[in-house]
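Structure record follows, encoded as C-alpha cells.
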Amino acid sequence: MDNSEQPTRRPARFNVRLAGSTSITAMALAIGAAYAPAYAQSTPPAAQEPTTVVVTGMRAALESALNKKREDNGIVDVIKAEDMGKFPDTNLAESLQRVPGVVIDRDAGEGRSITVRGLGQDFTRVRINGIEGLATTGGTDSSGGANRSRGFDFNVFPSELFNSLTVRKSSSADVDEGSLGATVDLQTTRPFDLKGFNATVMAKGKYNDLSRKTDPRVGFLISNTNADRTLGFLVSGAYSKRQVLEEGFSTVRWDNGPSSGGWCAPIGVTPANPATSTATTCGPAAQGVPRLPASAAATAAYNEASKAENFVPRLPRYGRLTHDQDRLGLTGSFQWRPARGSLLTFDMLYSKLDATRQEDFLEAISFSRTATQGGKPQTSVVEAQFAPNGSLLYGKFNGVDIRAESRYDELSTTFTQPTLTLEQDIGDSLRLLAKVGSAKSKFRNPVQTTTTLDALNVNGYTIDFRQNDRMPSITYPFDPANPGAAMGIVGVPVVTSGTQPASVTNTTTSEIRIRPQGATNTNDVGQVDLVWEAFPDRLSFKTGANYKKYTFDSYEFRRVNQGDTIFAPAVGTSMASLMTTISGFGRGQSLPAGTPTSWVIPDLNAIAKAYDIYCNCIKSGPAGGPGDFTLSSITNGNARGNNRSVTEEDKGIYLMGEFTEELGGIPLRGNFGARYVRTAMSATGYQSAGGGSEVTVGNDYSDVLPSFNVAANLTKDFIVRLAAAKVMTRPQLGNLSPGGTVATTGTLTITSGNPLLKPFRAKTFDTSFEWYHGKNAFIGLGLFQKNIGTYIQSLRTNVAFKDTGLPMSLLPANFNGEEIFQVTAPVNTDGGKLKGFELNFQQPFTFLPGWGRNFGTLMNYTFVKSKIEYLVSPTSNTTITDDLLNLSPRSWNTTLYYDDGKFSARLSASQRASFVTRVPGQNNNDVEGKNKSTNVDISFSYKVNDKLDLTLEGVNLTNEPNDQFVSRARNSVVVNNVTGREFLAGLRYKF
C-alpha cells in the first residue's frame with residue numbers, strides 16, 4: 001500500500017498559551033507515512049469483511065528499507081525513519097554504522113565521519129536531496145582538527161531533519177562521479193511524502209554521567225497538502241545542546257632515544273650535544289641544569305634510554321576537554337503540480353553548529369624538544385625500564401619542563417542548501433528531469449587561543465606504565481594544584497640596552513598562541529536528464545549533462561612573533577590572579593593511586609585582559625617581539641600553508657540504458673552505460689619567497705567511467721546481483737596547494753602541496769546474493785574488490801632545516817638550522833587491491849509463540865583486506881606494504897529488537913577492529929592508528945495512544961574510550977579519552 005492508500009487524517013488544531021500573549025494556533029506534525037508505508041496483512045475474514053492491520057513503528061521502518069533495497073537495480077542499503085526523531089541513533093553517522101561495510105570515526109564521543117568498505121571519508125560522496133554537499137567543522141587535533149578536505153562531517157546536522165539514508169555501493173552512469181567507496185544520499189521529508197495536514201513535536205532531555213549535565217533536544221514538523229494534492233508545503237526544525245567532558249591521557253606520539261638530540265649524559269659520559277653542554281651542566285653553564293653525578297646506575301639508565309629501539313612518550317599529559325555545542329537545523333519544502341505529469345519541488349536546508357571547546361592539559365614538554373628549546377638534551381635519565389618491545393615501562397627524570405596548557409576555541413559551521421527540481425513528462429514516453437542547487441558550508445574558528453604556565457627543569461618527575469599501559473601513574477615533585485608551588489608565567493626578560501631578544505636561548509618560555517582561521521566550501525550544481533521509454537517496462541534510455549563548480553577557500557592568522565613568546569606580567573601583577581584550577585578529573589576512570597585530579601591552569605580571561613592579547617597591535621617592545629600581538633597571514637611562515645584556495649569546474653555527460661528482460665526464464669533487470677567527465681582545477685597557495693608569494697597552478701584531466709549493474713531473480717525471493725565500474729575520486733584539497741607552511745612551535749613541520757596530482761582511480765567489481773526468505777526477513781552475502789590503480793600518499797621525512805633549501809629567515813631567532821623538521825609532501829603511487837565480503841542477516845521471530853513473535857534481530861559482519869605499497873623516502877624506492885588508511889579489517893553490528901506496536905525496545909552493539917591512520921608513522925614509528933572499539937546502545941519506546949509516544953535511550957553504555965596508538969609492535973598509547981554515558985528521556989506528540 002502506498003502513502004495515498006492510507007486512511008485520511010483530519011486536520012487537527014490546538015492552542016498554546018504563551019506567557020503574556022494571547023492564544024495562538026500552533027501546529028506540529030507527523031512524518032510517519034513517508035517513512036513507514038503501511039503494509040496490509042491479511043487475517044481470517046470476519047463477517048465477509050477483511051481486517052487491515054497497519055504495520056507501524058520499528059518493523060515498518062525496517063520493512064520499508066528492505067523493500068527499497070530489493071527493488072533497486074544496484075547494490076544499496078537503506079535506513080528509514082518511520083517518524084520524526086526515530087532514526088536508530090541520535091546522530092546520522094551512528095545510524096549509518098548499522099549498514100554493512102560502514103564504520104565511523106568519532107569526535108568528542110559523537111560520530112563525525114564514515115568509512116565504507118575500507119575507504120575513508122575523502123572517498124565517499126554525500127548528496128542531500130540529490131545535490132552534492134560538503135559540510136565541514138572543527139575538531140580536536142587528535143581527531144583530525146578542522147576539516148579542510150573533501151570529507152563530510154555528519155555531526156553538523158540534527159538527525160531529525162532526515163527521513164532516509166541510502167548508501168549506494170555500486171556505481172551507475174547516472175550517478176555523479178567522485179566516489180571510490182560509496183555515494184550516500186540524505187533525504188529530507190517533502191509534503192507529498194505525506195497526506196493532508198500533519199504535525200509532530202518532539203522533546204527530550206539528555207544526561208551525561210561524566211559532565212553531569214542535562215541538555216535539551218527538541219524538534220517539530222508541520223506539513224499540509226490541498227485536497228487534490230497539487231500544492232503542498234512542509235517546514236521542520238530541530239535543536240539540541242550538548243555539554244560533554246572528554247578526559248584521559250595522551251602523548252602526542254612516541255619517539256626513540258636518539259631523537260631531539262638525545263638525553264643529557266651523566267658526568268663522565270661523552271655528551272650527545274657537546275656544543276651545548278659543559279663538563280657539569282646540561283646545556284649552557286649559565287642555565288645551571290646539572291648533569292647527574294657519575295655512577296654505574298646513571299650510566300646504565302642513560303645508555304638504556306638512548307637506544308634507538310627504545311621509545312618514550314613525546315608529551316605525556318593528563319587532559320580534560322570541555323565541549324559545549326548548540327545545533328540548529330531547519331528545512332522547508334514546497335511542491336506544486338501545475339498539470340498532470342509535471343512536478344516542481346523547492347527544498348531548503350539550513351543547519352548551524354555553534355561550539356566552544358576548552359582543552360586543559362598537565363604535561364611534560366621536554367621529551368619532544370631539542371637543545372635550542374631547552375628540551376631533551378637538558379633532561380637526565382635517573383631510572384629507566386623498558387619492555388622487550390621497546391616501550392617505556394617506568395622512568396624517573398631530572399631537568400623536566402612541566403607545563404599547564406589551556407586552549408580555547410570558538411567554532412561555528414553554517415550550512416545552507418537551496419534546491420529546485422523539475423520533473424516533466426513530455427508525451428507518453430519521454431520524461432525531463434532538471435535540477436539546480438547550491439550547497440555552502442562556512443566554517444569559522446574566530447577564537448583559537450592557547451596560554452601556558454610553566455615550571456622549568458624540575459627534578460624527580462616519574463611516569464609509570466607498569467600497572468596500566470593506557471593510563472600511567474605520573475608524579476610531580478610539587479603540588480600541581482597549588483598556585484604558589486612551581487607553575488607560573490616564564491617570560492622573556494626585558495633588556496634595558498641593546499637588542500631586545502624575542503626568546504630565551506635554550507629555553508621554551510611560556511606562550512600565548514592566537515590562531516583565528518576558517519574555511520568555506522561551495523558546490524553549485526546544475527543537471528538535466530532525459531528518460532526515453534523505448535519499450536515500456538522493458539527498455540529505457542537515460543542521458544544527461546551536469547555542471548558543477550566547486551570552490552574551497554581557507555585562511556589562518558597567527559602572531560608575527562612566530563615563537564608565541566611573552567614578557568613576564570607587569571610589575572605588581574599577582575601570578576595567582578592569572579591562574580584558575582580544574583578539579584574532579586578522572587571521575588569513574590579508576591585512576592592509578594596518586595594521579596592528580598586537580599591542577600592549576602591559565603585563566604584566559606585574566607591573561608587576555610592583563611596582556612590585551614586581542615588588540616592586534618604591539619603592546620610593548622619591538623616588532624616581532626614578546627609584546628607584539630599583531631597577527632599576520634600569508635607573510636607568516638606558520639600560517640601561510642592554511643591560506644589557500646581551490647576552484648574546480650566539472651562537466652559531465654552520460655548515456656545509460658535500463659532494462660527488464662528474461663533470459664532462459666530468469667527475470668533480469670539492470671543498467672549499463674558510461675559517464676564522461678572533464679575536471680578543470682585551479683589551486684592557489686603561497687610560497688615562502690618574498691615573504692609570501694601567491695602562486696596559482698592549473699590542472700585538468702578527463703575520465704571515461706563505464707558501469708554495469710544486473711540483478712537476476714533466480715527465484716521469486718532469491719536475487720543475484722553483479723556490478724562493475726571504473727571510478728575516480730579527486731585529490732584531497734590540502735594536497736593540491738602549490739604553497740606550503742613551516743611550523744616552528746609545537747611539532748616542527750614543513751608541509752607542501754602538489755597541484756599536479758592525478759586523481760585516485762580504481763576498477764570495482766561487486767557480487768551480491770540476496771535471499772528474502774520471509775516477510776521482513778533477509779540473508780545476504782556481498783563480495784567486492786577494488787583495484788586501486790592510482791593512489792595519493794603523503795610522504796614524510798625527517799630533515800634538518802638547513803638541508804631543506806628554505807631560507808633561515810623563516811626560523812625564530814633562537815633556532816640555528818640544526819632542528820629536525822618533519823617534511824611532508826603528497827605524491828602519486830601505484831595503490832593496490834582491496835577486497836572483502838559482507839554478511840547481512842535480518843529476521844523477525846514470528847515463528848515464536850505468544851509475545852516471542854514480536855522479537856527480531858539484525859546482524860551484519862564485514863571483512864576487508866587491502867595491501868597498499870607506501871613509499872618510505874623520496875630518495876629511494878623502498879616501500880612498506882600495509883593496510884589502506886582508515887580500513888578496519890573486521891567490523892560487525894548487531895541489534896536485538898522487540899516491537900508489539902505498543903512497546904518497542906532495541907539493544908544494539910557495533911564493533912570496529914583496529915585500523916591505521918598514517919603510514920609511515922611519524923617520529924621513527926612504522927604506523928599510527930586506532931585500536932578496536934565496541935559501542936553499545938539501548939532504546940525503549942512506549943505508545944501511550946495514537947498521538948503520544950514516550951522514549952528512553954542509553955548511548956555508549958560501556959563508556960568506550962577513544963584509544964589511539966602508535967607502532968604495531970608496541971601499541972603505545974597516543975590518546976585514551978572517554979566522554980561518558982548518555983541517557984535520553986522524552987516524548988513525541990502527533991496532532
Side-chain angles (χ1 to χ4, degrees), residues 61-63 65-72 74-80 88-89 94-104 114-119 124 165-170 181-182 184 709 711-715 717-724 764-786 833-845 847 855-866 883-884 886-897 906-915 932-937:
L62 294 175
E63 183 175 310
L66 198 61
N67 288 340
K68 182 69 175 176
K69 174 182 178 67
R70 182 173 186 167
E71 294 164 2
D72 203 283
I75 298 174
V76 305
D77 285 290
V78 182
I79 300 175
K80 290 275 191 177
D89 302 272
E94 289 163 6
S95 292
L96 284 167
Q97 74 175 337
R98 311 298 177 193
V99 171
V102 178
V103 292
I104 70 172
I114 68 171
T115 293
V116 183
R117 290 180 165 180
L119 292 158
T124 299
L165 311 178
T166 302
V167 181
R168 303 184 181 278
K169 298 177 179 176
S170 64
V184 177
N709 292 270
N713 278 74
L714 300 187
T715 69
D717 297 318
F718 187 73
I719 302 174
V720 176
R721 302 180 192 267
L722 299 174
T764 66
F765 306 93
D766 295 89
T767 304
S768 179
F769 302 91
E770 303 170 4
W771 181 27
Y772 299 83
H773 60 282
K775 182 175 175 59
N776 209 12
F778 170 76
I779 298 175
L781 168 64
L783 308 175
F784 54 89
Q785 179 168 315
K786 301 178 188 293
K833 290 185 178 181
L834 179 152
K835 55 186 177 181
F837 66 86
E838 299 168 350
L839 291 172
N840 196 357
F841 176 67
Q842 182 172 320
Q843 179 66 61
F845 296 163
F847 51 84
F855 281 98
T857 189
L858 295 86
M859 300 180 182
N860 61 69
Y861 174 86
T862 303
F863 174 82
V864 188
K865 180 179 181 181
S866 77
D883 286 344
L884 189 69
N886 300 304
L887 181 149
S888 289
R890 291 167 297 280
S891 61
W892 56 261
N893 185 279
T894 184
T895 297
L896 176 67
Y897 68 86
R906 184 186 71 245
L907 176 65
S908 298
S910 61
Q911 185 179 98
R912 178 179 188 179
S914 63
F915 59 98
K932 179 177 70 176
S933 61
T934 305
N935 287 82
V936 179
D937 307 319

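- Contact annotation: the side chain of V864 approaches that of F784 to within less than 4.5 Å [non-hydrogen atoms, C-beta and beyond].
- Scored by the side-chain contact (heavy atoms from CB on, under 4.5 Å) test, T764 finds A725, V727, D766, K786 as partners (sequence neighbours excluded).
- Taking the ring-ring contact (aromatic ring centres under 6.0 Å, His included) definition, one finds that Y897 meets it with nothing, sequence neighbours left out.
- For A724, the side-chain contact (heavy atoms from CB on, under 4.5 Å) test picks out F765, with sequence neighbours left out.
- In this structure S908 satisfies the side-chain contact (heavy atoms from CB on, under 4.5 Å) test together with R98, T895, R906, sequence neighbours excluded.
- The minimum heavy-atom distance between A182 and V116, with the atom names listed, is CB-CG1, 3.6 Å.
- The salt bridge (Lys or Arg N to Asp or Glu O under 4.0 Å) search around R721 returns E770, not counting sequence neighbours.
- Taking both residues in full, the closest heavy atoms of L884 and S866 are given as N-OG, 2.9 Å, listed atom of the first, atom of the second, then distance.
- Applying the ring-ring contact (aromatic ring centres under 6.0 Å, His included) rule to F837 yields the partners F863; only residues at least two apart in sequence or on another chain are considered.
- Contacts of D77 classified as side chain to side chain donor-acceptor pair (under 3.5 Å), with partners at least two apart in sequence or in another chain: K69, K169.
- Between the side chains of Q97 and N893, no donor-acceptor pair of N or O atoms lies under 3.5 Å.
- In this structure, the side chain to side chain donor-acceptor pair (under 3.5 Å) partners of S888, at least two apart in sequence or on a different chain, are R912.
- Taking F845 as the reference, F847 meet the ring-ring contact (aromatic ring centres under 6.0 Å, His included) condition, with sequence neighbours excluded.
- Partners of T767 under the side chain to side chain donor-acceptor pair (under 3.5 Å) rule, at least two apart in sequence or in another chain, do not exist in this structure.
- With sequence neighbours excluded, the residues that form a side-chain contact (heavy atoms from CB on, under 4.5 Å) with T894 are T857, M859, W892, A909.
- For S933, the side chain to side chain donor-acceptor pair (under 3.5 Å) criterion is met by no residue, not counting sequence neighbours.
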